[in-house]
Each structure stands twice: as structure tokens, then as C-alpha cells.
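Notes to accompany the following structure.
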Amino acid sequence: MPTRPLLILATRNAHKTEEIRHILGDQFEVLDVTSFPDLPEIEETGTTFLENARLKALGISRHIDGWVLADDSGLEVDALGGAPGVWSSSFGGEEGNHAKNNERLMREMTGITERSARFRCTLVLAKNGVEKDFFTGTVKGRIAESPSGNGGFGYDPLFIPEGHFQTMADLGAVIKSTLSHRAEAIRALVAAIETGNWVSF
Ligand code: ITT
């Protein structure tokens, strides 16, 4: 089998890595920054998904050869004015603590009937400190009354995608990889690679 092109994900979130691997199938070798111990931690000081995805993609690609892809993503809840948004991973007060994030979301949504929400994902592709392009994806849905399901990560037990009656965590990895914000953004990336002549992997 010929060597597959390598895509380095500027993430330390193993769930994102697993999902992107799953969505891409076997056309790329996908590694994340945990395979390269000397890479720096990138501070996410932006106020938009695009700013943070750029910080991660450019920050990592300055230190490693090859194509680097960053994913910045989060949940926007209309009744909360778009929160937690770019601050999704620390909404509960502790970075990356999904249980606390979900507890706070449940608390803030108590008694609220307008429960529309969406997940957004922005991907930035970069090489040697230069941005090549960016891609976005969205999945609309609503916040469940109570958590359900073991699949996925983060807010998946509380998010019911439009057209479904179960949470993303109930629907599981195979369905999530067809309808998620991340899947839509990755499909846009793949389409750009297949139709364009700008990425020489
Ligand atoms: P990296 O910055 O290392 O990539 P991270 O988890 O901190 O990892 P973000 O800053 O992009 O990534 O924050 C994303 C947060 O948004 C994530 O921690 C979840 O709380 C939420 N989120 C994003 N995508 C999600 C998904 O598919 N399902 C559930 N929650 C998701």
C-alpha cells in the first residue's frame, strides 16, 4: 500500500482525533500533537472559533514540517445569547471538565423552553506557519431536558440534532460522523483537496 499523506492535528483532545480519523477514513495518516512531545502548548486567546483555530494551526505548524489541521469548536445556545461558544471547554469552571460543563448547562437551562442550539466547528489548515485555508461546519439542534447516552464527548449527552429524537451521545459514533459540525467541515476540506490543485500532500 502506498504511503498515505500525513495530517497532523493541532489538538490534545483525543475525541476530536478519533472522530476526524473516522470521518476521513484511511485516505490520510492522522496523528495529533500528543505524538510530538516537544511541541508547545498554544494559548487560545481568540474570541472567535476562527481566531482560535488559527492560533493553534499556525502556532503548531511553525514547529513541525507537514500539513497541520486545527479544530476549534463549541456549542452555541440561543437562550444563553450564544454561550458557551468559544468558551465551551471551560464553561463549568475547569478546562476540559465535560461533567462540570454539562452540569452548568443544565442549571442555566432550567425552566427555559426555547432550547435551540448549534455546534460549530472551524478547521484551519496550515503549513510552516502559513495558513492555507479554513473550513466550517454547523449542526443545528436543541438542548435536551436531561443528559442521555455514552457516545461522543463534551455536550453530546445534552444535544439533540435536528430531525432526531435522541441525543448525539445516544446516536453514537457512526451517525455522529455523518451529521456533525466536524463532519461537515472535514467534508469541505476533502472537497477542497480533491478539486483544488493547491495542496500537494
Ligand atoms: P484542543 O483545543 O486541544 O483541540 P479542546 O477540547 O480544548 O481541545 P476547543 O477549545 O475547540 O477544544 O473546545 C471545544 C469544546 O467544545 C469541547 O471541549 C466541548 O466542550 C465542545 N465540543 C466541541 N465539539 C464537540 C462535539 O463534537 N461534541 C460535544 N462537545 C463538543
Side-chain angles (χ1 to χ4, degrees), residues 7-23 30-36 39-61 68-77 80 82-106 117-124 126 134-144 147-161 164 166-186:
L7 197 55
I8 300 156
L9 302 184
T11 184
R12 295 183 189 278
N13 180 330
H15 298 284
K16 287 185 182 177
T17 304
E18 193 186 328
E19 289 186 7
I20 291 172
R21 266 202 198 110
H22 189 105
I23 298 161
V30 178
L31 296 177
D32 66 28
V33 293
T34 61
S35 300
F36 305 92
L39 289 173
E41 284 279 349
I42 307 295
E43 253 199 277
E44 297 183 40
T45 52
T47 55
T48 63
F49 296 121
L50 182 57
E51 280 173 16
N52 280 338
R54 277 188 176 135
L55 286 170
K56 290 186 272 192
L58 299 180
I60 293 298
S61 74
V68 171
L69 185 73
D71 166 320
D72 204 69
S73 44
L75 179 70
E76 293 176 348
V77 181
L80 305 180
V86 286
W87 294 279
S88 289
S89 69
S90 56
F91 192 50
E94 197 182 303
E95 176 67 35
N97 187 326
H98 300 308
K100 285 193 171 172
N101 292 342
N102 284 335
E103 274 167 32
R104 176 163 177 201
L105 181 58
M106 276 287 80
R118 70 203 59 73
F119 275 124
R120 286 193 194 279
C121 174
T122 298
L123 301 174
V124 168
F134 71 89
F135 309 92
T136 61
T138 305
V139 56
K140 292 186 200 166
R142 66 182 198 278
I143 303 303
S148 177
N150 297 313
F153 70 100
Y155 298 96
D156 283 342
L158 284 174
F159 183 83
I160 302 174
H164 291 266
Q166 291 176 297
T167 67
M168 198 77 110
D170 282 321
L171 292 169
V174 173
I175 294 179
K176 183 176 181 185
S177 72
T178 66
L179 59 72
S180 80
H181 51 317
R182 190 160 293 110
E184 187 178 65
I186 289 283

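Indexing begins at 1, ligand by ligand and atom by atom, following the structure's order. Sequence positions, counted from 1, serve as the residue numbers for this chain.
- Annotation for Glu18: atom CD does not count as buried by contact number, only 12 or fewer foreign heavy atoms lying within 6.0 Å.
- In this structure, Gly74 counts as a contact residue of ligand 1, since one of its heavy atoms falls inside 4.0 Å of the ligand.
- Proximity of Lys56 to Thr11: side-chain heavy atoms (C-beta onward) are nowhere separated by under 4.5 Å.
- With a 4.5 Å cut-off on side-chain heavy atoms, Pro161 and Leu179 count as touching.
- Of the polar atoms of Lys56, at least one N or O is found under 3.5 Å from an N or O of ligand 1, judged by distance alone.
- Closest heavy-atom contact between Thr167 and Ser148: OG1-O, 2.6 Å.
- Heavy-atom proximity to Asp72, at under 4.0 Å, picks out these atoms of ligand 1: 9 (P), 10 (O), 11 (O).
- Two residues are said to be in side-chain contact when any heavy atoms from C-beta on lie closer than 4.5 Å; Tyr155 and Ile143 fail this criterion.
- The aromatic rings of Phe119 and Phe159 are tilted relative to each other, their planes meeting at an angle between 30° and 60°.
- With respect to atom 18 (O) of ligand 1, the closest heavy atom belonging to the protein is Ser89 CB, 3.3 Å.
- Here the protein heavy atom with the shortest distance to atom 3 (O) of ligand 1 is Arg12 N, 2.9 Å.
- Distances from atom 11 (O) of ligand 1 to the heavy atoms of Lys16, Arg120, His15, Glu19 show the closest one on Lys16.
- Using a 4.5 Å heavy-atom threshold, the side chains of Glu43 and Leu55 count as separate.
- Looking at Gly92, Ser88, Ser73, Gly154, it is Ser73 that brings a heavy atom closest to atom 13 (O) of ligand 1.
- When Asp32, Asn13, Asp71 are checked for heavy-atom proximity to atom 8 (O) of ligand 1, Asn13 turns out nearest.
- Judged by distance alone, the side chain of Ser88 and the main-chain N or O of Leu75 form a donor-acceptor pair under 3.5 Å.
- Annotation for ligand 1: atoms under 4.0 Å from non-hydrogen atoms of Glu95 are 7 (O).
- For Met168, the closest heavy-atom approach to ligand 1 does not fall below 4.0 Å.
- Residues Cys121 and Asp71 meet the side-chain proximity criterion, which asks for heavy atoms closer than 4.5 Å.
- With ligand atoms numbered from 1 in the order given, ligand 1 contributes 26 (C), 28 (N), 29 (C) to contacts under 4.0 Å with heavy atoms of Asp156.
- For atom 4 (O) of ligand 1, the nearest non-hydrogen atom of the protein is Thr11 OG1, 2.6 Å.
- The proximity of Phe119 to ligand 1, defined as any non-hydrogen pair under 4.0 Å, is limited to the side chain.
- In this structure, the protein non-hydrogen atom closest to atom 10 (O) of ligand 1 is Glu44 OE1, 3.0 Å.
- At a heavy-atom cutoff of 4.0 Å, ligand 1 is contacted by the side chain of Arg182 but not by its backbone.
- Looking at Thr34 and Asp32, their side chains do bring a donor and an acceptor atom within 3.5 Å of each other.
- Phe153 O, 2.9 Å is the protein heavy atom nearest to atom 29 (C) of ligand 1.
- In summary, the atoms of ligand 1 found under 4.0 Å from a heavy atom of Lys176, numbered by their order in the structure, are 26 (C), 27 (O), 28 (N).
- The OG atom of Ser90 sits 5.0 Å away from the CD atom of Glu95 when rounded to the nearest 0.5 Å.
- Distance from atom 20 (O) of ligand 1 to its nearest protein heavy atom, with residue and atom name: Tyr155 CE1, 3.2 Å.
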